[in-house]
Amino acid sequence: MTPTRVLVLNSGSSSLKYQLLDMRDSSRLAVGLVERIGEQTSRLRHTLVATGETREHSGPIADHETALKSVAEELARDGLGLDSPELAAIGHRVVHGGMFFTEPTVVDDSVLTEIERLIPVAPLHNPANLTGIRTARALRPDLPQVAVFDTAFHTSMPESSARYAIDPKIADRYRIRRYGFHGTSHAYVSRETARLLGRAPEEVNVIVLHLGNGASASAVERGRCVDTSMGLTPLEGLVMGTRSGDLDPAVIFHLARVGDMSMDEIDTLLNKRSGLFGLCGDNDMREIRRRVDEGDEAAALAFDIYIHRLKKYIGAYYAVLGQVDAVAFTAGVGENAAAVRSAAVAGLDGLGLAVDGELNAVRSDGARLISPPSARVAVAVVPTDEELEIATQTYALVGKKG
């Protein structure tokens with residue numbers, strides 16, 4: 001029997017998301033989440049997809065090793081344990097792969113060392129990703145562990161996009177360049193957008209707008225990323241839930257000199273107390289829109305700033321690509337906030353962009369066009385599926401190795 005199942009793990013600093021998929025038909029067998037790891041109020045929520053049965057457990061889960069063992073026990077209860085001969089590999093989301101990792105990679109000690117070396121440019125994410133990999137390797141040392149990197153899709157960017165205008169020697173010494181993130185989402189959505197248009201990815205140019213609490217845009221030319229909004233870290237680019245996005249670097253010097261703020265305080269301000277939350281006290285777009293509808297001026301200004309930045313990136317990437325076949329909205333806000341989609345393309349008729357009000361208002365879990373049939377550029381809503389993308393890349397690599 002050829003094993004066809006892939007377990008996808010996404011290890012956060014205090015959480016562990018997982019999905020078990022059968023790659024014969026890309027179906028989900030089980031999904032779950034362990035949250036608040038390391039606290040007394042930890043919780044595990046596990047769902048067997050075939051029956052819809054959900055089990056929840058609350059209580060202290062000390063660390064990621066304990067969390068993954070608990071996940072293994074839940075899977076075993078459903079006959080889907082980690083010891084199953086049908087399990088082909090475990091795929092891990094790794095946020096930062098630098099320029100070293102340009103594609104999915106089977107993990108060995110040298111790979112772990114390189115991921116560890118990248119911790120200074122991803123201090124919140126790579127340590128947690130490493131913990132998940134090491135724990136899974138300890139539980140199944142015989143099984144291929146595959147790292148799929150958020151940055152990999154963006155390594156195709158030309159140097160003119162990826163380089164900052166600073167001394168190249170200093171930049172190279174400290175690995176300072178634009179790496180980009182959400183790469184698995186941008187890869188999946190750009191490909192699915194082409195499919196929605198009935199064309200091959202190599203035939204279309206797509207602007208992908210991944211709008212969640214974290215948000216990023218990318219310009220995808222014939223299946224390859226040529227520009228993206230996030231940079232050395234996920235702080236650059238669009239206005240996000242709690243991140244400022246683009247900012248004059250001198251603001252940091254000003255806050256340090258005039259505001260007498262430490263680097264850690266400024267880091268916290270820009271990453272956790274800025275963006276929509278910093279502007280109006282909310283980072284949930286649903287709540288912001290409710291407040292806008294009630295006449296709240298702070299929420300209205302936050303929404304306008306968010307849309308203004310989004311429009312700038314659409315226009316900029318239109319210029320980068322020269323020709324655009326589609327603009328695709330994805331992730332939590334992109335897939336669900338009709339008001340964001342309509343506002344983002346309002347007034348861009350000259351670029352061939354328009355939204356049909358009735359199509360835009362429809363709620364659906366499927367990929368769909370929301371532009372009028374006569375529109376020169378398609379506007380699409382394409383639900384992202386990063387777990388499926390990780391599983392697909394993992395299984396393709398394991399198959400090659402086999």
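Just so you know, these numbers use all the heavy atoms, side chains as well, and skip hydrogens, waters and symmetry mates. The first residue of the sequence shown is numbered 1, and numbering continues consecutively from there.
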| request: Keeping the roles fixed (side chain from Arg309, backbone from Gly237), state whether a donor-acceptor pair exists under 3.5 Å. | output: yes
| said: Within this structure, what is the CD-CD1 distance for the pair Glu35 and Ile61, rounded to the nearest 0.5 Å? | reply: 9.5 Å
| Can a salt bridge be assigned to the pair Arg55 and Glu74 using a cut-off of 4.0 Å between side-chain N and carboxylate O? | yes
| query | Do His96 and Tyr179 have ring centroids that are under 6.0 Å from one another? | reply | yes
| request: Give, for atom OH of Tyr188 and atom OG1 of Thr330, the distance between the pair rounded to the nearest 0.5 Å. | output: 8.5 Å
| Salt-bridge criterion met for Arg289 and Glu287 (N-O under 4.0 Å) | no
| field | Salt bridge present between Arg77 and Glu73 (N-O < 4.0 angstrom) | value | no
| task | Identify the two heavy atoms, one from Leu359 and one from Ser371, that lie closest to each other, and give their separation to 0.1 Å. | result | CD1-O, 3.7 Å
| query | Between Asp293 and Arg291, is there a side-chain N and carboxylate O pair less than 4.0 Å apart? | reply | no
| message | I'd like to know whether Val146 forms a side-chain contact (heavy atoms from CB on, under 4.5 Å) with Val107, so could you lay out the CA-CA distance, the side-chain angles of the two residues, the decisive distance to 0.1 Å, and finally the verdict. | response | CA-CA 6 Å; Val146 176; Val107 174; 6.0 Å; no
| message | Atom CG of residue position Asp365 - does it have more than 12 heavy atoms of other residues, nucleotides or ligands inside 6.0 Å? | response | no
| message | Can you tell whether the side chains of Asp83 and Arg140 come within less than 4.0 Å, N to carboxylate O? | response | no
| Contact summary for Tyr313 and Leu238, nearest pair of heavy atoms | CD1-CD2, 3.5 Å
| Lys/Arg N to Asp/Glu carboxylate O, Arg173 vs Asp167, below 4.0 Å | no
| request: Kindly say whether Leu235 contributes a backbone atom to a donor-acceptor pair with the side chain of Thr233 at under 3.5 angstrom? | output: yes
| Between CD1 on residue Ile288 and CG on residue Leu301, distance to nearest 0.5 Å | 11.0 Å
| Are the charged groups of Arg163 and Asp172 less than 4.0 angstrom apart, N to O? | yes
| field | Thr135 side-chain N/O to Gly132 backbone N/O, donor-acceptor pair under 3.5 Å | value | no
| Can you tell me how far CD1 of Ile90 sits from CZ of Arg5, rounded to the nearest 0.5 angstrom? | 13.5 Å
| said: For a side-chain contact (heavy atoms from CB on, under 4.5 Å) check, start with the C-alpha distance between Met240 and Leu211, then their side-chain angles and the critical distance, and finish with the verdict. | reply: CA-CA 8 Å; Met240 303 176 223; Leu211 308 179; over 6 Å; no
| query | Below 4.0 angstrom, N of the basic side chain to O of the carboxylate: do Asp284 and Arg286 qualify? | reply | yes
| request: Among Val148, Val94, Ile115, Thr151, find the residue that satisfies the side chain to side chain contact (heavy atoms under 4.5 Å, CB included) test when tested with Phe101. | output: Ile115
| Lys/Arg N to Asp/Glu carboxylate O, Glu221 vs Arg224, below 4.0 Å | no
| field | Presence of salt bridge, Lys69 and Asp63, under 4.0 angstrom | value | no
| task | Before accepting this row, confirm whether a basic side-chain N of the pair Glu114/Arg175 lies closer than 4.0 Å to the acidic partner's carboxylate O. | result | yes
| request: Measure across Ser229 and Ser216 and return the closest heavy-atom pair with its distance rounded to 0.1 Å. | output: OG-CA, 3.3 Å
| said: So does Asp356 get a backbone contact from the side chain of Asn360, meaning a donor-acceptor N/O pair under 3.5 Å? | reply: no
| Between His154 and His186, does a ring pair (Phe, Tyr, Trp, His ring centres under 6.0 Å) hold up when you go through it step by step? | CA-CA 9 Å; His154 304 304; His186 286 280; 5.6 Å; yes
| task | Quick one: pull up CG in Asn271 and OG in Ser244 and give me the separation to the nearest 0.5 Å. | result | 7.5 Å
| task | Measure up the Tyr306 and Phe303 rings against each other and bin them: parallel (under 30°), tilted (30 to 60°), perpendicular (over 60°). | result | parallel
| query | Is there a donor in the side chain of His125 and an acceptor in the side chain of Asp150, or the other way round, less than 3.5 Å apart? | reply | no
| remark: OG1 (Thr394) and CZ (Arg93) are apart, to the nearest 0.5 Å, by 13.5 Å
| remark: Looking only at heavy atoms, the pair that brings Ile307 and Val340 closest together is CD1-O, 3.8 Å
| What are the two closest heavy atoms between Ile37 and Leu16, and how far apart are they? | CD1-N, 4.0 Å
| query | Can you tell me if CD on Glu297 sees more than 12 non-hydrogen neighbours from other groups inside 6.0 Å? | reply | no
| request: Run the salt-bridge test on Arg341 and Glu335 with the 4.0 Å N-O cut-off and return the result as yes or no. | output: no
| request: Flag the pair Glu389 and Arg191 as a salt bridge only when some basic side-chain nitrogen lies within less than 4.0 angstrom of an acidic carboxylate oxygen. | output: yes
| request: For Tyr18 and Leu44, work out which heavy atoms get closest and say how close. | output: OH-CD2, 4.1 Å
| request: Give a yes or no on whether the backbone of Asn205 and the side-chain of Asp325 come within a donor-acceptor separation of less than 3.5 Å. | output: yes
